[in-house]
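Shown next, in structure tokens, is the structure this report addresses.
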Amino acid sequence: MKKIFKNWMGNVKDTPKAYLEPTTETELVNIVQKARQEGRKIRVVGSGHSWSPIVPSGDLLLSLDQWQGIVSIDETNQVAEVKAGTKIWRLGELLHEKGWGMENFGDINRQSLAGAISTGTHGSGIGFGTLSTQAVGFTIITGNGEVVECSDQENPDLFKAAQVSMGLLGIITKIRIRIIPAQVLKAVKRTRYLDDTLANLDEHLQNRHFEFYWFPGTQYTYHKTMNTTQEPAKPLGWKHRFQDIFIENYLLWVICQLVKVFPAMAKRVSNFSGKVLKDGQFVNYNHRLLSQPRLVTFTDWEFAFPVEKFTEVIKSMEVVMKQQNLKEHFPLVCRFVKGDDIPLSPAYGRDTAYVSFHTYGKRKNPEYLKHLEQVVKSFEGRPHWGKFHTYTTSELQALYPEWETFMSIREQVDPQQIFVNNYLQKLLNIKKLTPVS
């Protein structure tokens with residue numbers, strides 16, 4: 001029976017001609033070299049947490065689930081070498097066992113490390129870049145079938161491009177990532193009105209980590225701030241489970257089912273959601289607080305734009321929701337990251353605010369999504385590579401000053417387009433190869 005790939009939401013499926021799960025780097029090299037000889041296509045799958053059809057190959061699908069774990073830790077330079085298929089939640093625990101941690105995590109930690117880095121996944125905290133900026137080196141099997149090491153010192157152009165590459169430059173097999181001593185954070189959660197949140201944004205951004213939910217059509221926002229503390233870590237007991245598991249997952253599911261049947265209730269439900277979330281404080285290690293379980297499937301449209309435009313973007317969204325009478329209950333998520341110099345990073349060249357807007361996976365609300373995307377487009381918003389968007393190639397090219405730099409490197413390391421699938425071919429306008437007669 002053929003292996004069928006389905007992503008987390010269930011909107012992307014693929015029945016590859018072969019589903020491969022290599023256990024050694026030698027196997028990986030042999031797979032690429034054979035694909036070159038036979039003119040095959042390869043895509044690497046992580047944990048299926050991309051909403052866009054970035055994974056399907058129509059040919060060979062390669063999983064690194066059997067290629068996980070820490071290779072080594074350089075304590076002097078605070079760098080860990082990690083197998084690329086390692087799930088982020090597992091890496092957090094493995095590092096913690098040795099007294100180390102990562103400086104930041106994304107909201108969801110079920111992805112593979114390579115998959116999260118390659119799509120520009122991020123956490124929140126204006127002093128921190130995306131997960132890609134934590135990488136200091138890669139081992140890559142390129143489309144030429146060569147094993148290449150790259151870093152700021154060795155093959156630096158390839159390294160910068162590989163920090164956000166969507167798997168187009170080859171198979172990342174090992175990642176050297178910056179680590180920090182294990183760190184205890186105090187997380188504070190509280191409800192605030194939107195106007196107050198925006199008026200005091202600069203103050204909120206002084207926190208080590210800051211993000212918030214905004215319940216559409218209401219004035220309710222729900223903050224999460226995290227800062228280092230000297231307090232000892234405390235077990236995440238019933239209050240944490242009630243808030244993060246029951247209210248933010250099971251109760252949310254009930255609410256989503258209700259609005260699916262009665263769409264007109266969306267605004268009242270949004271108001272209810274803003275009121276039901278309670279203030280709370282939790283003290284634990286960063287890898288246990290920065291990421292949360294997500295059990296309710298949802299669509300995810302996420303866009304990055306200059307942080308100084310954040311208030312104007314939110315106010316514009318608020319106006320559009322009222323003018324168009326848009327009704328939605330699923331909260332928007334607002335996060336902040338430091339700018340970087342990675343060619344295809346949504347945070348390239350600017351400190352960045354991200355806004356994610358969602359709908360329940362089983363409820364369509366196209367007008368809401370369409371109008372909000374138009375707002376972010378008008379503010380130079382760049383889409384997250386692993387999520388929904390309707391951008392054209394020309395729109396994307398205008399947003400990325402180093403677009404041609406990346407495309408040139410891609411052509412050098414994968415001239416046969418082994419790692420290019422149909423979706424990326426069209427999205428990035430990669431010229432199809434002329435068949436050899």
Non-neighbouring partners of Asp195 that pass side-chain hydrogen bond (donor to acceptor under 3.5 Å, both in side chains), sequence neighbours left out: Lys315
Between Lys6 and Asp14, does any side-chain N to carboxylate O distance fall below 4.0 Å? no
Does Glu93 have any salt bridge (Lys or Arg N to Asp or Glu O under 4.0 Å) partners at least two apart in sequence or in another chain, and if so, which? Arg288
In the structure I gave you, are the side-chain heavy atoms of Tyr19 and Ile4 within less than 4.5 Å of one another anywhere? no
Would Trp385 and Tyr400 count as a close aromatic pair, with their ring centres under 6.0 Å? yes
Is a salt bridge present between Glu380 and Lys377, judged by a nitrogen-to-oxygen distance below 4.0 Å? no
Salt bridge Asp279-Lys189, side-chain N to carboxylate O under 4.0 Å: no
Test side-chain contact (heavy atoms from CB on, under 4.5 Å) applied to Trp301 and Lys387, His384, Glu373, Lys370, the passing residue: Glu373
Indicate yes or no: at least one non-hydrogen side-chain atom of His287 is less than 4.5 angstrom from one of His96. yes
Quick one: do Asp74 and Arg176 make a salt bridge, cutoff under 4.0 Å? no
Does a side-chain N-to-carboxylate-O contact under 4.0 Å join Arg40 and Asp59? yes
Side chains of Glu25 and Trp67: does their closest heavy-atom pair fall under 4.5 Å? yes
